[in-house]
Amino acid sequence: MPFDPSRRFGEVVVHDGAPHGERTTGDLTVPVFDELVLAEESPLATLSVLVNADQPADLHDLRVAFSRRSLGIEILASRVDLCTCCSESSIRQESRDYANEQQLFLGATQDDARSLLEEWAGAAPAARTWANLHLA
């Protein structure tokens, strides 16, 4: 999820094809590229929401629901900000399980986000809640 308010989830950008670093989580390694120009803007604004999930599996279920709809979701506690030097190198980030109260960024319309959050919370109302859905 883009942290910069001038960028949105799902945008298409042009890059020169030369990777300037890579990120590894678990067995997945992806190259990092420098953006040259925005080719296609996304209609999906970044939303913010506060969720409470009793177990890591609860947040996993929410991630899966957004992923199945090709929508974005990021747990802000998982975010790692890097200086330029580190950003252009190889970074390994360990996977963590998250539970309890978490701030999330979502790449979705308000209606889609609200629908998915309601369905997620309704599946286990004693263990899952959400509040304060708004533009980030």
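Values in this document were obtained by computation on a predicted structure and should not be read as measured data.
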With side chains defined as the heavy atoms from C-beta onward, is the minimum distance between [X] and [Y] less than 4.5 Å?
X: Val49; Y: Asn132; result: no
X: Glu74; Y: Arg79; result: yes
X: Thr109; Y: Leu44; result: yes
X: Arg96; Y: Ser78; result: no
X: Val51; Y: Thr129; result: no
X: Leu104; Y: Ile73; result: yes

Nearest 0.5 Å, please: how far is [atom2] in [Y] from [atom1] in [X]?
X: Leu59; Y: Tyr98; atom1: CG; atom2: OH; result: 10.5 Å
X: Leu135; Y: Leu47; atom1: CG; atom2: CG; result: 6.0 Å
X: Ser89; Y: Arg23; atom1: OG; atom2: CZ; result: 6.5 Å

If you compare all heavy atoms of [X] against all heavy atoms of [Y], which two are closest, and at what distance to 0.1 Å?
X: Glu35; Y: Leu38; answer: OE2-N, 3.9 Å
X: Ala136; Y: Phe105; answer: CB-CE2, 3.6 Å
X: Phe9; Y: Ser70; answer: CE2-O, 3.5 Å
X: Trp130; Y: Ala121; answer: CD1-CB, 3.9 Å
X: Ala53; Y: Trp120; answer: CB-CZ2, 4.1 Å
X: Ala39; Y: Val14; answer: CB-CG2, 3.9 Å

Within 6.0 angstrom of Arg92 CZ, more than 12 heavy atoms from elsewhere: yes
More than 12 heavy atoms from other groups under 6.0 Å of CD on Glu119: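 Atom CD in Glu119 is not packed in, count stays at 12 or less.
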Stepwise salt bridge (Lys or Arg N to Asp or Glu O under 4.0 Å) test for Glu11 and Arg7: CA-CA 8 Å; Glu11 289 182 324; Arg7 287 293 179 251; 3.8 Å; yes
All salt bridge (Lys or Arg N to Asp or Glu O under 4.0 Å) counterparts of Arg69, not counting sequence neighbours: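 Applying salt bridge (Lys or Arg N to Asp or Glu O under 4.0 Å) to Arg69 gives Asp112.
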Which residues share a side chain to side chain donor-acceptor pair (under 3.5 Å) with Thr29, sequence neighbours left out: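 With neighbours one apart ignored, the set is Thr24.
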Stepwise side chain to side chain contact (heavy atoms under 4.5 Å, CB included) check, Arg128 with Asn52: CA-CA 6 Å; Arg128 304 171 176 179; Asn52 202 320; over 6 Å; no
Ion pair check, Arg63 and Asp61, cut-off under 4.0 Å: no
Hphob cluster co-occupancy, Leu76 + Leu62, side-chain heavy atoms under 4.5 angstrom: yes
His20 versus Asp34, side-chain donor and acceptor atoms under 3.5 Å: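 Side chains of Asp34 and His20: pair found under 3.5 Å.
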Derivation of the side chain to side chain donor-acceptor pair (under 3.5 Å) call for Thr25 and Gln93: CA-CA 5 Å; Thr25 301; Gln93 186 174 351; 4.9 Å; no
Candidate list Leu133, Thr46, Leu71, test side-chain contact (heavy atoms from CB on, under 4.5 Å), partner Leu106, passing option: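 That would be Leu133.
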From CA spacing to verdict: side chain to side chain donor-acceptor pair (under 3.5 Å), Ser48, Gln103: CA-CA 7 Å; Ser48 178; Gln103 190 75 32; 2.4 Å; yes
